[in-house]
Amino acid sequence: QVQLVESGGGSVQAGGSLRLSCAASGRTNSRYTMGWFRQAPGKEREFVAGINWSARSTTYTDSVKGRFTISRDDAGNTVWLQMNSLKPEDTGVYFCTTNVRTYLNVVPTTTSAYDYWGQGTQVTVSS
């Protein structure tokens with residue numbers, strides 16, 4: 001079992017930046033895929049960004065490309081989401097997640113593909 005705890009959320013004005021962090025503990029593995037999802041009020045949880053075991057493959061949803069950057073440490077204990085040029089549409093609860101299948105080279109983009117989730121951290125962007 002893997003435990004995930006997000007931090008770094010908050011309130012910013014449009015155009016500002018935030019960096020989210022996710023600390024993993026328990027049965028962590030450097031070969032796991034890590035990702036971020038977000039959920040706006042009344043909407044389904046959607047994929048934001050993911051990074052594979054080697055960090056050679058990263059995937060972003062179209063709306064955040066060029067603005068967000070996902071990264072991880074070599075041990076798989078921490079994953080970050082750097083968010084720049086934030087827009088009000090980015091508002092939501094951001095969740096850290098992990099897929100425990102090792103050595104994946106393609107990042108999944110569906111919630112069903114992931115195994116463990118953090119509690120979420122709120123991001124609010126005002127205009």
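In this text, all values refer to a predicted model and were calculated from it rather than measured experimentally. Values below: all heavy atoms of this structure, side chains included; hydrogens, waters and symmetry mates excluded.
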- [ ] Assert yes or no for the condition that the ring centre distance of Trp36 to Tyr94 is strictly below 6.0 Å.
- [x] no

Open item on the list: Give me the atom names and distance for the closest heavy-atom approach of Gln119 to Val5.
Closed with: OE1-CA, 3.7 Å

Open item on the list: Working to the nearest 0.5 angstrom, can you tell me the gap between Glu6 CD and Cys96 SG?
Closed with: 5.5 Å

Task: Heavy-atom closest contact (Thr97 atom, Leu4 atom, distance) - done: CA-CD1, 3.7 Å

Open item on the list: What's the separation between atom CH2 in Trp80 and atom CD1 in Ile51, rounded to the nearest 0.5 Å?
Closed with: 9.5 Å

Task: Inter-residue atom distance Thr91.OG1 - Gln122.CD, 0.5 Å rounding - done: 7.5 Å

Open item on the list: Strictly distance-based, threshold 3.5 Å: is any side-chain N or O of Gln13 a donor or acceptor partner for the main-chain N or O of Ser126?
Closed with: no

- [ ] For residues Asp115 and Arg101, determine if any side-chain heavy atom of one lies less than 4.5 Å from a side-chain heavy atom of the other.
- [x] no

Open item on the list: Within the 4.5 Å heavy-atom criterion, are Tyr116 and Val100 side-chain neighbours or not?
Closed with: yes

- [ ] Compare all side-chain heavy atoms of Ser7 with those of Thr121 and state whether any distance is below 4.5 angstrom.
- [x] no

TODO: Determine yes or no for a side-chain-to-main-chain donor-acceptor pair under 3.5 angstrom, with Tyr114 supplying the side chain and Pro108 the backbone.
DONE: yes

Open item on the list: I'd like to check Arg27 versus Gln1 (side-chain heavy atoms, cut-off strictly below 4.5 Å). Are they in contact?
Closed with: no

TODO: Please tell me if the side chains of Thr98 and Thr33 come closer than 4.5 Å, counting only heavy atoms from C-beta onward.
DONE: no

- [ ] Can you measure from CZ (Phe95) to CH2 (Trp117) and round to the nearest 0.5 angstrom?
- [x] 8.0 Å

Open item on the list: The test is ring-ring contact (aromatic ring centres under 6.0 Å, His included); show your working for Phe47 and Phe37 and say whether it passes.
Closed with: CA-CA 4 Å; Phe47 175 80; Phe37 285 70; 5.5 Å; yes

Open item on the list: Main chain of Leu104, side chain of Tyr32: is a donor-acceptor contact present, judged purely on distance under 3.5 Å?
Closed with: no

Task: Contact summary for Ala49 and Leu81, nearest pair of heavy atoms - done: CB-CD1, 4.0 Å

TODO: May I have the step-by-step check of side chain to side chain contact (heavy atoms under 4.5 Å, CB included) for Leu18 and Val123, ending in yes or no?
DONE: CA-CA 9 Å; Leu18 285 172; Val123 171; 3.9 Å; yes

- [ ] Please assess Met34 against Asn52 for the test side chain to side chain contact (heavy atoms under 4.5 Å, CB included), listing each intermediate value before the final yes or no.
- [x] CA-CA 6 Å; Met34 307 292 294; Asn52 82 326; over 6 Å; no

Task: Minimum side-chain heavy-atom gap Val12-Ser17 below 4.5 Å - done: no

Open item on the list: Closer than 3.5 angstrom, by distance alone: can the side chain of Arg72 be matched with the main-chain N or O of Val79 as a donor-acceptor pair?
Closed with: no

Task: Val107-Val2 co-clustered via ILVMFWY side chain contacts under 4.5 Å - done: no

Task: Value rounded to 0.5 Å, distance of CG in Leu86 from CZ in Phe68 - done: 5.0 Å

TODO: Kindly give the heavy-atom pair with the smallest separation between Ala14 and Ser127, and that separation in Å.
DONE: CB-CA, 4.3 Å

Task: Check ion pair Arg38-Asp90 (N to O, under 4.0 angstrom) - done: yes

